[in-house]
Chemist: 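Below is one structure. I have some questions about it.
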Amino acid sequence: MSTAITPPGNAVGAFARRAARSALTLFGTVAAIVIVWTVFLRTVNVSPLVAKSPVDVWNYLVTAPGAAANRSAIGALLARTLTDASLGFALGLTLAAAVSVLFYFSDTIEQMFAPTMTALHAIPMVTVAPILVLVFGRGSVGTAVIGSAIVFVPALLTMLQGIRSAPRTDLDVCNAFGGSTWTSFTKVALPHAIPTWFTAARITVTTSIVGALLSEWLASGAGLGGEMLRDSNEFQFGRLWSSVVVLTIVCVAIYQFVSLVEAVVRSRMYSAR
């Protein structure tokens, strides 16, 4: 087995190209959203008091007299929502990784609990969240639990598929040389699953933000989730639409960032082979 060493200059250049591609993708996504948004508002007959246009959002965030205060307020709320989302994301991924490893070593436990977990995921979180709030409270713990509950099952299934898809021949070679099940897992199955685990992170990173919004709607009343609910009830549609736009752009940016990290890890793993 030969080891290819990637020159530092080439690695930096590859990273820069991927970063530029991600930035271009982000710009294209925002442009597409603006175009679809504008066409939709021109097609349907909705009161401009309710349905705000991209120009209205731009004015609210950039050109209006109070734009700086508006951006500051949305930014503070966004920071709280991202904090809540990061807690749920980290907890959900950690639990999914631990359970996927447990299932890898025990087919019996997997057969007992995997169908139940998948079935529980089909239950709307709106009905489960109040129970979780009663158990864990309305603070950071309750928010993290609700977010992790949304992240857990998709991440688990993706991670488990990555571990299970390790090449059978590589596992047989490891066993033939006296390797234990743990050795086969650490030397073959886990390295092979790392790209898939990044896929799980990429899939669930935006889902964790949805979980944070849901927990803020139903539990804490903080962050952008709580504010958007209040804006809807108080007919503050300019602030509501601006919050949605900012959150959408941030979600796309986070998704592209995770994709960039995944691409870098994949390239380093393949170059080391």
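Along the sequence shown, residues carry numbers from 1.
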Chemist: Kindly give the heavy-atom pair with the smallest separation between Leu91 and Ala144, and that separation in Å.
Modeler: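 Reported closest heavy-atom pair: CD2-O, 4.0 Å.
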Chemist: Show your reasoning for whether side chain to side chain contact (heavy atoms under 4.5 Å, CB included) applies to Leu61 and Ile74.
Modeler: CA-CA 9 Å; Leu61 294 175; Ile74 292 178; 3.8 Å; yes
Chemist: Side chains of residues 104-111: which donor-acceptor partners sit under 3.5 Å, not counting sequence neighbours?
Modeler:
| from | atom 1 | to | atom 2 | distance (Å) |
| --- | --- | --- | --- | --- |
| Ser106 | OG | Ile109 | N | 3.2 |
| Asp107 | OD1 | Arg164 | NH2 | 3.0 |
| Glu110 | OE1 | Arg164 | NH2 | 2.4 |

Chemist: Which atom names give the shortest non-hydrogen contact between Ala97 and Ser100, and what distance separates them?
Modeler: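 Minimum heavy-atom separation between Ala97 and Ser100: O-OG, 2.7 Å.
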Chemist: Run the side-chain hydrogen bond (donor to acceptor under 3.5 Å, both in side chains) test against Arg42 and tell me which residues pass, sequence neighbours left out.
Modeler: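 Scan of Arg42 (side-chain hydrogen bond (donor to acceptor under 3.5 Å, both in side chains), adjacent residues dropped) gives none.
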Chemist: Per the side-chain contact (heavy atoms from CB on, under 4.5 Å) rule, which among Thr143, Ile146, Leu224 passes with Asp84?
Modeler: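 Per the side-chain contact (heavy atoms from CB on, under 4.5 Å) rule, the option paired with Asp84 is Thr143, out of Thr143, Ile146, Leu224.
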Chemist: I'd like a table of donor-acceptor pairs (distance under 3.5 Å, sequence neighbours excluded) in which one partner is a side-chain atom from residues 248-259, with atom names and distances.
Modeler:
| from | atom 1 | to | atom 2 | distance (Å) |
| --- | --- | --- | --- | --- |
| Thr248 | OG1 | Val244 | O | 2.8 |
| Tyr255 | OH | Arg202 | NH1 | 3.1 |
| Ser259 | OG | Tyr255 | O | 2.9 |

Chemist: Looking just at side-chain N and O atoms, do Glu227 and Ser243 make a donor-acceptor pair shorter than 3.5 Å?
Modeler: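 There is no such pair (donor and acceptor under 3.5 Å, judged by atom type) between the side chains of Glu227 and Ser243.
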Chemist: Would you confirm whether His192, through its side chain, and Ser165, through its main-chain N or O, come within 3.5 Å as a donor-acceptor pair?
Modeler: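 Side chain of His192 to backbone of Ser165, a donor-acceptor pair under 3.5 Å: yes, one is there.
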Chemist: In terms of hydrophobic clusters joined by side-chain contacts under 4.5 Å, are Leu78 and Phe89 together?
Modeler: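 Same cluster: Leu78 reaches Phe89 through Ile, Leu, Val, Met, Phe, Trp or Tyr contacts under 4.5 Å.
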Chemist: Should Tyr60 and Val55 be counted in the same cluster of Ile, Leu, Val, Met, Phe, Trp and Tyr side chains packed under 4.5 Å apart?
Modeler: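 Each belongs to a different hydrophobic cluster.
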Chemist: Who are the side chain to side chain contact (heavy atoms under 4.5 Å, CB included) partners of Asp56, not counting sequence neighbours?
Modeler: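 Asp56: side chain to side chain contact (heavy atoms under 4.5 Å, CB included) contacts with Lys52, Ser53.
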Chemist: Testing the basics here: between Arg80 and Ala222, what is the closest heavy-atom pair and its distance to 0.1 Å?
Modeler: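 Closest approach of Arg80 to Ala222, heavy atoms only: NH1-CB, 3.5 Å.
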Chemist: So if you build clusters from Ile, Leu, Val, Met, Phe, Trp, Tyr with side-chain heavy-atom gaps below 4.5 Å, do Val34 and Phe27 land together?
Modeler: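 Val34 and Phe27: separate clusters.
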Chemist: Sequence neighbours left out, what passes side chain to side chain contact (heavy atoms under 4.5 Å, CB included) with Ile35? Give chain and number order.
Modeler: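 Residues passing side chain to side chain contact (heavy atoms under 4.5 Å, CB included) with Ile35: Val39.
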Chemist: Report the residues that fulfil side chain to side chain contact (heavy atoms under 4.5 Å, CB included) with Thr63, sequence neighbours left out, ordered by chain and then residue number.
Modeler: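 With sequence neighbours excluded, Thr63 shows a side chain to side chain contact (heavy atoms under 4.5 Å, CB included) to Trp58, Asn59, given in chain and number order.
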Chemist: State, yes or no, whether a side-chain contact exists between Phe185 and Ile163 at a heavy-atom distance under 4.5 Å.
Modeler: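 Side-chain contact under 4.5 Å: yes.
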Chemist: Are Leu247 and Ile33 connected into the same hydrophobic cluster when the rule is that any two of I, L, V, M, F, W, Y join if their side-chain heavy atoms are below 4.5 Å apart?
Modeler: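 They do not share one cluster, since no chain of ILVMFWY contacts under 4.5 Å joins Ile33 to Leu247.
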Chemist: Could you tell me which non-hydrogen atom of Pro154 sits nearest to which non-hydrogen atom of Ile150, and how far apart they are?
Modeler: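 Nearest pair, atom of Pro154 first, then Ile150: CD-O, 3.5 Å.
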Chemist: Could you pull out all donor-acceptor pairs under 3.5 Å where a side-chain atom in residues 204-215 meets a protein atom, sequence neighbours excluded?
Modeler:
| from | atom 1 | to | atom 2 | distance (Å) |
| --- | --- | --- | --- | --- |
| Thr204 | OG1 | Ala200 | O | 2.7 |
| Thr207 | OG1 | Ile203 | O | 3.3 |
| Ser208 | OG | Val205 | O | 2.5 |
| Ser215 | OG | Gly211 | O | 3.3 |
| Ser215 | OG | Ala212 | O | 2.7 |

Chemist: Identify the two heavy atoms, one from Gly226 and one from Trp217, that lie closest to each other, and give their separation to 0.1 Å.
Modeler: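 Reported closest heavy-atom pair: N-CD1, 4.1 Å.
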Chemist: Please enumerate all residues that pass side-chain hydrogen bond (donor to acceptor under 3.5 Å, both in side chains) together with Thr196, with sequence neighbours excluded.
Modeler: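 With sequence neighbours excluded, Thr196 shows a side-chain hydrogen bond (donor to acceptor under 3.5 Å, both in side chains) to no residue whatsoever.
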Chemist: Which pairs, with at least one residue in residues 62-74 and sequence neighbours excluded, count as a salt bridge (Lys or Arg N to Asp or Glu O under 4.0 Å)?
Modeler: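 Passing the test, one end in residues 62-74: no pairs.
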Chemist: Does the side chain of Arg239 reach to within under 4.5 Å of the side chain of Glu234, using non-hydrogen atoms?
Modeler: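 Yes, side chains in contact.
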Chemist: Can you get from Val246 to Leu229 by hopping between Ile, Leu, Val, Met, Phe, Trp and Tyr side chains that sit under 4.5 Å apart?
Modeler: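 Yes, Val246 connects to Leu229 through the hydrophobic network.
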Chemist: Indicate the atoms forming the closest heavy-atom contact of Ala155 with Leu93, along with that distance.
Modeler: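 Residues Ala155 and Leu93, closest heavy atoms: CB-CD2, 3.7 Å.
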Chemist: Any side chain to side chain donor-acceptor pair (under 3.5 Å) involving residues 147-163? Give me the pairs, sequence neighbours left out, ordered by first then second residue.
Modeler: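 Residue pairs with at least one partner in residues 147-163: there are none.
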Chemist: Walk me through it: do Glu216 and Thr81 pass the test side chain to side chain contact (heavy atoms under 4.5 Å, CB included)?
Modeler: CA-CA 8 Å; Glu216 290 170 351; Thr81 297; 3.1 Å; yes
Chemist: Rounded to the nearest 0.5 Å, how far apart are CD1 of Ile194 and CG of Leu190?
Modeler: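 Answer for the CD1-CG pair, Ile194 versus Leu190, is 4.5 Å.
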Chemist: Residues in side chain to side chain contact (heavy atoms under 4.5 Å, CB included) with Val36, at least two apart?
Modeler: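 Partners of Val36 under the side chain to side chain contact (heavy atoms under 4.5 Å, CB included) test: none.
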Chemist: Going by ring pair (Phe, Tyr, Trp, His ring centres under 6.0 Å), name the residues that satisfy it together with Trp241, two or more places apart in sequence or in a different chain.
Modeler: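 With sequence neighbours excluded, Trp241 shows a ring pair (Phe, Tyr, Trp, His ring centres under 6.0 Å) to Trp37, given in chain and number order.
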Chemist: Are side-chain heavy atoms of Asp170 and Lys187 found at a separation under 4.5 Å?
Modeler: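 Sidechains of Lys187 and Asp170: no contact.
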